[in-house]
Amino acid sequence: MLDWQDDLKLAESNVYLDSRRGRSLCFVSHAHTDHLGPHEHAICTPATEALARRRTELQRVTALNYCTEFFLDDRTEAMLLPAGHILGSAMLHVRREQSMLYTGDFRLRGCEIVSPAQVRQADVLVMESTYGLPFFRFPPRGQIIAELLELVERAFSAGRQPIVMGYSLGKSQEIVKILTDGGHRVTVHGAVFHNNQVYGELGVQLGSYRRYASEDFHGASALDMRERGVLVAPPQVARSPFVTRFNNPCRIIMTGWALLKNSIYRFGVDHALPLSDHADFDELMELIERVQPRKIFTHHGYREFAETLRRKGLDATCAKKDPQLTLFGE
Ligand SMILES: [Zn+2]
């Protein structure tokens, strides 16, 4: 659902935006693989560089802090702004005769780890629309966290191993922090462990966690369930022996897609909670309200979103229809 190969590019420049193919110059909004390619020269934040280098080859990187003005070329001033999505995520604000704001994935509300997106006015807004249907409205974060902690507590009381699943980069670190803040011991799957380590190196305190080792959970030397604590793993393991070898585990997934009908069957879990690192429908609309653009392009998400905006009288186009679309100007 999130897998679309776009090739957005600034017009009259060689600057690509979040291309998945290797480019001579590309702005990388964050280190999720659907926004990342083996570029000759990447522009991103220092945290995105650290996380991205674990996933792809980047020959040269210009790492820039948020809110620092720089020149993309002699007529294009630019600045990276916090996107509130995962550690290091940035939006690109560009100024020529007109201004443009490009969001990779973003979240206006932020979380325990990343601060909320920082928005600037722009004439042209290029925005993600992952949750671009009015149906996607997430409940307050505090409510979802309380629900998670209650489910975990109930699982322990019933002698069931709680396994909480979330994407290994970004979401899993939020889950680990929520659980350790909630006083739980945490064990993490190897894929989560590596990203946790990079977060730690970048100064993010996730609390105390241990790396999964089979003997801690299974066999004669298995630890007490409270001691090994909550297991945090990526969603791909839901139907794998990693999960199925437990006797009656309590499987919980944290994702915005939890709002879809039958999500527990789709993901093969017992509970699905709508904790997302993306903007929900109301935040997408709020972004437009705050940016006050004259023209909107949507990408990465429901193409119906552009239609919804047009019905509200806005000038909006889904960039997905034309992957070679160049922006800014024409
Ligand atoms: Zn992302």
Give me the atom names and distance for the closest heavy-atom approach of [X] to [Y].
X	Y	value
Arg160	Pro249	NH2-O, 3.1 Å
Arg310	Ala316	NH1-O, 2.8 Å
Ala222	Arg228	CB-NH1, 4.2 Å
Ser29	Tyr102	CB-CE2, 4.5 Å
Ala83	Ala117	O-CB, 3.5 Å
Ala31	Leu169	O-CD2, 3.8 Å

Do side-chain atoms of [X] reach the backbone of [Y] as a donor and acceptor pair under 3.5 angstrom?
X	Y	answer
Gln205	Gly207	no
Gln292	Glu289	yes
Thr103	Glu128	yes

What distance do [X] atom [atom1] and [Y] atom [atom2] have between them, rounded to the nearest 0.5 Å?
X	Y	atom1	atom2	answer
Leu133	Asp280	CG	CG	12.0 Å
Tyr16	Arg21	OH	CZ	8.0 Å
Leu223	Asp216	CG	CG	4.5 Å
His189	Asn195	NE2	CG	11.5 Å
Phe27	Leu92	CZ	CG	5.0 Å
Leu275	Ile252	CG	CD1	12.0 Å

Side chains of [X] and [Y]: closer than 4.5 Å at any heavy-atom pair?
X	Y	result
Ser129	Arg303	no
Leu72	Ile43	yes
Arg23	His41	no
Gln121	Ser99	yes
His39	Leu25	no
His30	Asp105	yes
Arg251	Met165	yes
Leu259	Phe138	yes

(message) Could you check whether Glu227 pairs with Arg185 (Lys NZ or Arg NE/NH1/NH2 to Asp/Glu carboxylate O, under 4.0 Å)?
(response) no
(message) Quick test of your reading of the model: are Glu77 and Arg96 salt-bridged, counting only N-O distances below 4.0 Å?
(response) no
Taking atom [atom1] of [X] as the centre, report whether more than 12 heavy atoms of other residues, nucleotides or ligands fall under 6.0 Å from it.
X	atom1	result
Asn248	CG	yes
Glu57	CD	no
Arg60	CZ	no

Are [Y] and [X] connected in a single hydrophobic cluster, I mean Ile/Leu/Val/Met/Phe/Trp/Tyr linked by side-chain heavy atoms less than 4.5 Å apart?
X	Y	value
Tyr212	Met225	no
Phe135	Ile264	yes
Tyr167	Ile178	yes
Ile86	Leu36	no
Tyr209	Leu202	yes

Residues forming a side chain to side chain contact (heavy atoms under 4.5 Å, CB included) with [X], sequence neighbours excluded:
X	result
Asn65	Pro46, Thr68
His194	Arg54, Arg211
Pro235	Ile253

(request) Evaluate the ring planes of Phe217 and Phe246, with Trp represented by its six-membered ring, and classify them as parallel (under 30°), tilted (30 to 60°) or perpendicular (over 60°). (result) perpendicular
List the residues meeting salt bridge (charged side-chain N to carboxylate O under 4.0 Å, His left out) with [X], not counting sequence neighbours, and say none if there are none.
X	answer
Arg294	Asp123
Asp282	Arg137
Glu40	none
Arg53	Glu49

Validation: residues 236-244 side-chain donor-acceptor distances under 3.5 Å, sequence neighbours left out:
unit_1 : atom_1 : unit_2 : atom_2 : d
Arg239 : NH1    : Arg266 : O      : 3.4
Arg239 : NH2    : Tyr265 : O      : 2.7
Arg239 : NH2    : Arg266 : O      : 3.3
Ser240 : OG     : Val237 : O      : 2.9
Ser240 : OG     : Phe242 : N      : 3.3
Thr244 : OG1    : Ser240 : O      : 3.1

(message) As a test of understanding, state which of His35, His299, His300 forms a side-chain hydrogen bond (donor to acceptor under 3.5 Å, both in side chains) with Asp18.
(response) His35
(message) Are Trp257 and Tyr131 an aromatic pair, judged by ring center distance below 6.0 Å?
(response) yes
(request) Verify the ring-centre separation between Phe136 and His278: is it less than 6.0 angstrom? (result) no
(message) Can you pull out every side chain to side chain donor-acceptor pair (under 3.5 Å) where at least one residue sits in residues 169-184? Sequence neighbours excluded, please.
(response) Arg107-Glu174, Arg141-Glu174, Gln173-Asn196, Lys177-Asp181
(request) Show the numbers, then the answer: is there a salt bridge (charged side-chain N to carboxylate O under 4.0 Å, His left out) between Glu283 and Arg290? (result) CA-CA 10 Å; Glu283 286 171 270; Arg290 288 167 63 182; over 6 Å; no
Can you list, pair by pair, the side-chain donor-acceptor contacts under 3.5 Å of residues 144-159, counting residues two or more places apart and other chains?
unit_1 : atom_1 : unit_2 : atom_2 : d
Glu153 : OE2    : Arg226 : NH1    : 3.1
Glu153 : OE2    : Arg226 : NH2    : 2.7
Ser157 : OG     : Glu153 : O      : 3.0

(message) Which residues end up grouped with Val61 if you chain together Ile, Leu, Val, Met, Phe, Trp and Tyr wherever their side-chain heavy atoms are less than 4.5 Å apart?
(response) Leu58
(message) My understanding is that a hydrophobic cluster links ILVMFWY residues whose side chain heavy atoms are under 4.5 Å apart, including indirect links. Using that, what else belongs to the cluster containing Leu125?
(response) Met79, Leu81, Met91, Leu101, Phe106, Leu108, Val119, Met127, Phe281, Leu284, Met285, Leu287, Ile288, Val291, Ile296, Phe305, Leu309, Leu314
(message) Does Ser19 form a side-chain hydrogen bond (donor to acceptor under 3.5 Å, both in side chains) with Lys9? I'd like the steps, not just the answer.
(response) CA-CA 9 Å; Ser19 179; Lys9 172 179 185 290; over 6 Å; no
